[in-house]
Amino acid sequence: MNLPDEVMSLDFIHDQLPGRIVFGAGRRHGAPGEILALGPSGVLIIGGAHDANMISDLASALDVPTETIIGVRPHVPAETVRDALVTVDRLQPNVVVTVGGGSATGLGKMIARDRVVALVTVPTTSAGSEMTPIWGTTEGGVKQTGRSLRVLPSVVIYDPELTIGLPQAVTVNSAFNALAHCVEALWLTDTSPIAAEAAVSAIGSIICCVENVAARLDDIDARAQLLYGAHRAGTVLASAGTGLLHKTAHVLGGMFDLDHGAMYAVLTPHMVGHHLITTPTAQPWLTDALGPHPKAALDELANRLGAPRSLAEIDF
């Protein structure tokens, strides 16, 4: 990395966030022990229908009052949050576990925002949102987001074996979601050099890994590397925050119920091109991460991976 001195200013603030990370193939089998180590008086486990078997196995392994919510929806509808809180108020758990992608994680975050619980997440996609203090919920076609340290998980369990069954489209779109976390950090004025350097490194890692995974969907080592890249991207977003790219995706997603990852595949190259013009200080970082033509590099990546290129392709 060889950047101008003015970009590498050593006058900054960097938030380092807490949390326990458990990473490795087969680590999901240790989830009961991680949960019990938190001293639960009751546990609520939530996730999607495709994760029902794992959720059932996990619930049966716990010797404390445990209930499950099977079935989550994208963009965390407010009515889903209200229904979940009714269950929480009846069960009175002090630990909430999420199994799945961003929809499950998002619902868990909303519970943690509104009730005093420890959050444990078991991600099954490679987007990195589990590492951020950002929550979001949608009502009446409007997505509201905010930031709270209460929604940060106490434990995140990454098991790349859980991502093996993901189709290529979901894999690619979630990787673009992770890339968006990183590239946005490179044009935000409050990004510290610690976060910016981490973003540059994670971008290169994610691009390499997603291409390897796309070529061999059942390659556990490539899946692990991509999942680790997504984790790093989430930590970047947690520190740097969000800007126009994420805010546009939130507005469109809430209003038109669009696939979250697919939106980032469409929007990210255009936003990079926009900020290359409007934010000159971002150019050294973006070129360091993506080469001399950052927008073209992302366009070419999307073409190679078969990612959506327009909102029309994702039912806008």
Side-chain angles (χ1 to χ4, degrees), residues 21 23-25 100-103 105 122-132 156 158-186 197-238 240 245-246 249 258-273 285-310 313-314:
I21 307 301
F23 195 109
S103 298
T105 302
V122 186
T124 60
T125 63
S126 301
S129 62
E130 64 281 346
M131 291 305 303
T132 77
V156 182
Y158 290 103
D159 187 339
E161 291 178 353
L162 294 175
T163 69
I164 287 292
L166 288 179
Q168 179 160 332
V170 176
T171 299
V172 168
N173 290 342
S174 65
F176 267 96
N177 193 350
L179 283 173
H181 299 340
C182 295
V183 298
E184 178 115 278
L186 300 181
E197 289 181 19
V200 170
S201 175
I203 287 168
S205 176
I206 292 167
I207 289 174
C208 176
C209 293
V210 71
E211 296 209 78
N212 289 339
V213 170
R216 301 179 300 279
L217 290 175
D218 61 350
D219 186 328
I220 189 65
D221 291 332
R223 288 280 188 183
Q225 291 294 329
L226 181 58
L227 193 59
Y228 179 57
H231 158 76
R232 295 170 67 200
T235 63
V236 168
L237 177 62
L245 172 53
H246 283 79
L258 301 176
D259 180 86
H260 199 61
M263 277 191 299
Y264 284 114
V266 172
L267 294 173
T268 301
H270 294 290
M271 286 291 183
V272 167
W285 292 113
L286 288 168
T287 55
D288 194 45
L290 294 163
H293 306 289
K295 180 182 183 300
L298 288 177
D299 285 332
E300 292 165 7
L301 177 67
N303 286 333
R304 290 196 302 273
L305 296 174
R309 306 309 321 283
S310 69
E313 292 181 51
I314 57 174

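All values derive from a computational prediction rather than experimental measurement.
Closest non-hydrogen pair, Ala202 versus Gly229, comes out as CB-O, 4.4 Å. The shortest heavy-atom contact between Ala222 and Asn212 is CB-CB, 4.1 Å. Among all heavy-atom pairs drawn from Thr125 and Gly102, the shortest one is OG1-N, 4.4 Å. Among all heavy-atom pairs drawn from Val210 and Ala175, the shortest one is CG2-CB, 3.5 Å. Pairing each heavy atom of Cys182 with each of Val236, the nearest pair is CA-CG1, 4.3 Å. Taking both residues in full, the closest heavy atoms of Asp159 and Ala25 are given as OD1-CA, 3.5 Å, listed atom of the first, atom of the second, then distance.
No side-chain heavy atom of Leu237 sits less than 4.5 Å from a side-chain heavy atom of Met131. At least one side-chain heavy atom of Leu227 sits under 4.5 Å from a side-chain heavy atom of Ser126. Trp285 is listed as a side-chain neighbour of Glu197, based on a closest heavy-atom distance under 4.5 Å. Proximity of Tyr264 to Leu245: side-chain heavy atoms (C-beta onward) are separated by under 4.5 Å at one or more points. The closest side-chain heavy-atom distance from Leu298 to Leu290 is below 4.5 Å. Contact of the Ile203 side chain with the Val183 side chain is registered, since non-hydrogen atoms from C-beta on lie closer than 4.5 Å.
With hydrogens and angles ignored, the 3.5 Å screen pairs no side-chain donor or acceptor of Thr268 with any backbone N or O of Ala265. With Glu184 contributing its side chain and His246 its backbone, the two residues share a donor-acceptor pair below 3.5 Å. Looking at Ser205, its side chain never comes within 3.5 Å of a backbone N or O of Ser201 through a donor-acceptor pair.
Every residue meeting the side chain to side chain contact (heavy atoms under 4.5 Å, CB included) condition with Gln168, not counting sequence neighbours, appears here in chain and number order: Val172, Ala214, Leu217. The salt bridge (charged side-chain N to carboxylate O under 4.0 Å, His left out) check on Asp299 picks up Lys295, Arg309, with sequence neighbours excluded. For Asn173, there are no side chain to side chain donor-acceptor pair (under 3.5 Å) partners at least two apart in sequence or on another chain. Under the side chain to side chain contact (heavy atoms under 4.5 Å, CB included) criterion, Ser129 pairs with Thr105, sequence neighbours left out. With sequence neighbours excluded, the residues satisfying ring pair (Phe, Tyr, Trp, His ring centres under 6.0 Å) with Tyr158 are Phe23, His231. Legend: residues meeting side chain to side chain contact (heavy atoms under 4.5 Å, CB included) with Ala178, ordered by chain and number and at least two apart, are Ile206, Ala230, Ala233. Under the side chain to side chain donor-acceptor pair (under 3.5 Å) criterion, Asp219 pairs with Arg216, not counting sequence neighbours. In this view, Ala296 and His293, Glu300 satisfy the side chain to side chain contact (heavy atoms under 4.5 Å, CB included) rule, not counting sequence neighbours. In terms of the side chain to side chain donor-acceptor pair (under 3.5 Å) criterion, residue partners of Thr132 (sequence neighbours excluded) are, by chain and number, Lys109.
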Residues Ile314, Met263; criterion side chain to side chain contact (heavy atoms under 4.5 Å, CB included); working and verdict | CA-CA 8 Å; Ile314 57 174; Met263 277 191 299; 3.8 Å; yes
Kindly determine whether Leu186 and Leu286 satisfy side chain to side chain contact (heavy atoms under 4.5 Å, CB included), including the steps that lead there.
-> CA-CA 7 Å; Leu186 300 181; Leu286 288 168; 3.8 Å; yes
Might you work through the side chain to side chain contact (heavy atoms under 4.5 Å, CB included) test for Leu226 and Thr171, ending with a clear yes or no?
-> CA-CA 9 Å; Leu226 181 58; Thr171 299; 3.9 Å; yes
Go through Leu179 and Leu301 one step at a time and tell me if the side chain to side chain contact (heavy atoms under 4.5 Å, CB included) criterion holds.
-> CA-CA 12 Å; Leu179 283 173; Leu301 177 67; 4.0 Å; yes
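Residue pairs meeting the salt bridge (charged side-chain N to carboxylate O under 4.0 Å, His left out) criterion with at least one partner in residues 223-238, sequence neighbours excluded, are absent. Within the structure, salt bridge (charged side-chain N to carboxylate O under 4.0 Å, His left out) contacts touching residues 164-178 (residues at least two apart or in different chains) do not occur. The ring-ring contact (aromatic ring centres under 6.0 Å, His included) pairs that include a residue from residues 200-226 number zero, where partners must be two or more places apart or lie in different chains.
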